[in-house]
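Structure first, commentary second.
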Protein chains: 6
Amino acid sequence: MSDQIQLIPGNSLITATPEEGRMLAVKMSRLVIKITQPDTEIREKLRPVYASDAAMLIAIGQTVAIEFATIAAANNYWKDK
Amino acid sequence: MSDQIQLIPGNSLITATPEEGRMLAVKMSRLVIKITQPDTEIREKLRPVYASDAAMLIAIGQTVAIEFATIAAANNYWKDK
Amino acid sequence: MSDQIQLIPGNSLITATPEEGRMLAVKMSRLVIKITQPDTEIREKLRPVYASDAAMLIAIGQTVAIEFATIAAANNYWKDK
Amino acid sequence: MSDQIQLIPGNSLITATPEEGRMLAVKMSRLVIKITQPDTEIREKLRPVYASDAAMLIAIGQTVAIEFATIAAANNYWKDK
Amino acid sequence: MSDQIQLIPGNSLITATPEEGRMLAVKMSRLVIKITQPDTEIREKLRPVYASDAAMLIAIGQTVAIEFATIAAANNYWKDK
Amino acid sequence: MSDQIQLIPGNSLITATPEEGRMLAVKMSRLVIKITQPDTEIREKLRPVYASDAAMLIAIGQTVAIEFATIAAANNYWKDK
């Protein structure tokens with residue numbers, strides 16, 4: 001585990017728009033994988049594996065959905081905008 | 001990762017009806033897969049794989065259910081309509 | 001994707017009773033599978049597969065549980081009834 | 001699908017105690033499997049399969065946890081008791 | 001199913017500290033497995049299986065996380081303490 | 001099960017920043033695995049297994065996402081900071 005990896009870009013869940021919040025969810029889900037497997041070479045080998053596997057792509061989608069739920073609630077669903 | 005892909009159509013979670021919210025959940029879950037595997041050709045090959053696999057169809061259903069939970073809450077469950 | 005499929009029967013999450021809300025959760029989870037695999041023949045072939053597979057039945061149960069959580073919250077858990 | 005199966009015993013999420021709410025979660029998760037596979041004989045054959053499989057037992061636990069989250073919220077976590 | 005198994009120790013979700021709440025989540029997740037597979041001998045055989053399997057350990061972690069979410073909400077996240 | 005293992009470092013869900021909350025989510029998810037498999041030697045053998053397996057890395061990501069949802073809610077999403 002490399003504690004130097006920043007897990008939340010900008011250290012905030014607040015974003016200007018839903019689109020930015022969604023992108024933050026994608027990034028946060030990737031950074032957890034980075035901290036669990038800090039070796040860039042191994043991660044680079046795994047990327048084509050999951051990116052070509054339907055079941056894994058679906059599982060990535062589930063993870064992003066869970067992260068996004070938190071971000072959306074933090075932003076009060078961007079209702080006030 | 002192609003940052004040009006729009007992850008949330010309309011950049012808003014607010015929809016007029018539950019039906020439109022549900023369709024948004026379906027689209028958002030697909031766009032995450034698109035940003036993770038931006039190669040259209042590979043995605044086209046994977047489509048018949050998951051669309052003919054019972055376990056994957058169920059997993060897609062779980063993802064849509066999670067996305068929809070967020071959208072439904074954002075719309076205050078469309079109670080006022 | 002067939003956009004003509006209605007994803008939420010009645011276009012509302014509000015139901016008279018918990019039992020009706022639960023049935024709506026079951027229906028909504030099935031309609032997502034229908035929109036992902038609109039070919040009736042293929043779906044008919046997949047039905048006995050998942051209905052006889054313990055792991056898939058459990059996964060279907062998880063999906064219904066997630067859908068129901070949203071419906072129950074939308075109905076304020078039918079507390080006012 | 002047999003529409004005669006009651007999906008929520010008592011047609012209510014409200015229970016006197018957390019223990020009763022937990023039992024309701026267990027029952028609700030089983031009744032979804034019953035409505036998806038209404039054939040008693042097939043279900044009886046599947047029972048020893050999942051009851052002896054560590055991964056499936058864990059997955060059942062996840063389902064019950066999700067159902068219980070809804071029931072607990074419906075009962076305001078039994079805080080008023 | 002053995003109805004004599006107590007599913008929630010103390011029949012309450014309220015705990016003095018987050019640590020105790022976390023331990024309750026662990027216990028509750030195990031008791032669901034116990035009620036699903038009441039045969040102690042079979043459960044004892046399954047224990048080394050999941051305790052030595054990385055994927056199952058991760059799945060157990062997911063279950064505990066879901067149980068803990070409910071317990072934490074019930075305790076208002078121990079903010080008042 | 002070793003009851004001496006502390007499951008929540010600091011016995012609190014409250015953190016100064018989202019980044020610290022995210023790190024707490026990572027730690028909490030690992031400590032559940034530790035209490036389920038207290039044998040350090042076995043855990044050390046499992047680490048390279050899941051850290052080199054794309055599907056397991058994704059599953060770890062899902063677990064962290066669920067833990068983080070609870071921590072973020074406990075901190076009122078760090079909105080006031």
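Only a predicted model underlies this, so the values are computations on that prediction, with no experimental measurement involved. Throughout, protein chains are lettered first and strands after them, A, B, ... in sequence-line order, and every chain is numbered starting at 1.
- For B:Ile60, the parts lying under 4.5 angstrom from a heavy atom of chain A are both the backbone and the side chain.
- One distance of note links CG of A:Leu57 with CG of B:Leu46; it measures 6.5 Å at 0.5 Å rounding.
- Note on A:Ser52, A:Gly21, A:Ala72, A:Ala59: by heavy-atom pairs under 4.5 Å with chain B, the leading option is A:Ser52.
- Nearest heavy atoms, B:Ile5 versus A:Glu19: O-OE2, 3.8 Å.
- Note: A:Arg22 CZ to B:Gln6 CD = 12.0 Å, rounded to the nearest 0.5 Å.
- Top candidate by heavy-atom pairs under 4.5 Å with chain A, chosen from B:Gln62, B:Arg43, B:Lys45, is B:Gln62.
- Note that CZ of A:Phe68 is 7.5 Å distant from CD of B:Glu67, once rounded to the nearest 0.5 Å.
- Residues B:Thr36 and A:Arg47 come closest through the heavy atom pair O-NH1, 4.2 Å.
- Scanning all heavy atoms of the two residues, the minimum distance from B:Met56 to A:Ala54 falls at SD-CB, 3.6 Å.
- When each of B:Leu13, B:Ile8, B:Asn11 is tested with A:Trp78 by the rule side chain to side chain contact (heavy atoms under 4.5 Å, CB included), just one qualifies, namely B:Leu13.
- Residues A:Met23 and B:Ile35 approach most closely at CE-CD1, 3.7 Å, considering heavy atoms.
- Most heavy-atom pairs under 4.5 Å with chain B: of the set A:Ala25, A:Pro48, A:Ala51, this distinction falls to A:Ala51.
- At a 4.5 Å heavy-atom cutoff, the contact between B:Ala73 and chain A is made by backbone and side-chain atoms alike.
- Going from atom CD1 of B:Ile42 over to atom CG of A:Asp53 covers 12.0 Å, rounded to the nearest 0.5 Å.
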Discussion item. One pair to check against side chain to side chain contact (heavy atoms under 4.5 Å, CB included): B:Ile14 and A:Tyr77. What are the steps and the verdict?
Written reply: CA-CA 9 Å; B:Ile14 308 305; A:Tyr77 306 101; 5.5 Å; no
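- Across B:Ser12 and A:Pro18, no two heavy atoms sit closer than the pair CA-CG, 3.9 Å.
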